[in-house]
Amino acid sequence: MKEVNIIYIGENMKRSKHVIIFGLIIIAISLITGFIYAINNPYDLTDYMANLSKHNNLFFSHLGILFLFLLSTLSILGSISQVFIIGFESVSIGYVLGEFFLAYKFKGLAYAFVTIFINKIIFLIILLYLLINSYIYIRKSFHNIIGASKDYFSQIIVPVLLKYGVVTIFIVIYDIIVYFFGNILLNYLTFML
């Protein structure tokens, strides 16, 4: 049974390779857009640096985004909004990189990479994973539309809900760690600037 599941997962990943490439292209374009926007619209980072002693609470925004992802996955046609959410998250990453580069050059860029890794990159990877799962869900749904049966709920919807449940638990743990230790670590790393 485990071998069959591993083969099935491998086949799904091969089929969704173009979704991964598409997601990475959206991320790259959005990063560049955010970086260019930051270079052309300078922002004073003193407020940001002053707020490092405060806790960074991303809990509600992450849960809200996960909920939107779940709704858009289950609605099938709403999955297009997932691309926009990933693009928006990537633009904000590019913007942070651009602002720190503009203010502090390469030292600021190194510090921005640490900031992004702590606050955003893991969440962005999770969103890309959920985009792939949304694609797999949509494929399964279209294959079962013709022969909809009682197994539709247990074979398609329940696995999606379980994946979102596991991801939500992971995000909650991640946000708790970031809340208590993220900005403290960033505050200690200001020597890089």
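We count residues from 1, following the sequence as given.
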With a 4.5 Å cut-off on side-chain heavy atoms, are [Y] and [X] touching?
X    : Y    : answer
I25  : F22  : no
F35  : L31  : no
L24  : L128 : yes
I122 : Y174 : yes

What's the shortest heavy-atom distance between I118 and G182, and which atoms?
-> CG2-CA, 3.8 Å
Between Y137 and N133, does a side-chain hydrogen bond (donor to acceptor under 3.5 Å, both in side chains) hold up when you go through it step by step?
-> CA-CA 6 Å; Y137 169 77; N133 281 306; over 6 Å; no
Give, for atom CG of L74 and atom CG of L70, the distance between the pair rounded to the nearest 0.5 Å.
-> 4.5 Å
Anything under 30° is parallel, anything over 60° is perpendicular, the rest tilted; go ahead and classify F100 against Y111.
-> tilted
Identified side chain to side chain contact (heavy atoms under 4.5 Å, CB included) partner of Q82 from the options I26, T73, L127 = T73
Taking S134 for the side chain and L130 for the main chain, is one N or O donor matched with an acceptor at less than 3.5 Å?
-> no
May I ask you to decide if L124's main-chain N or O and E89's side chain share a donor-acceptor pair within less than 3.5 Å?
-> no
Cation-pi check, K105 to F101: give yes when NZ or CZ is under 6.0 Å from the six-membered ring centre and within 45° of the ring axis, no otherwise.
-> yes
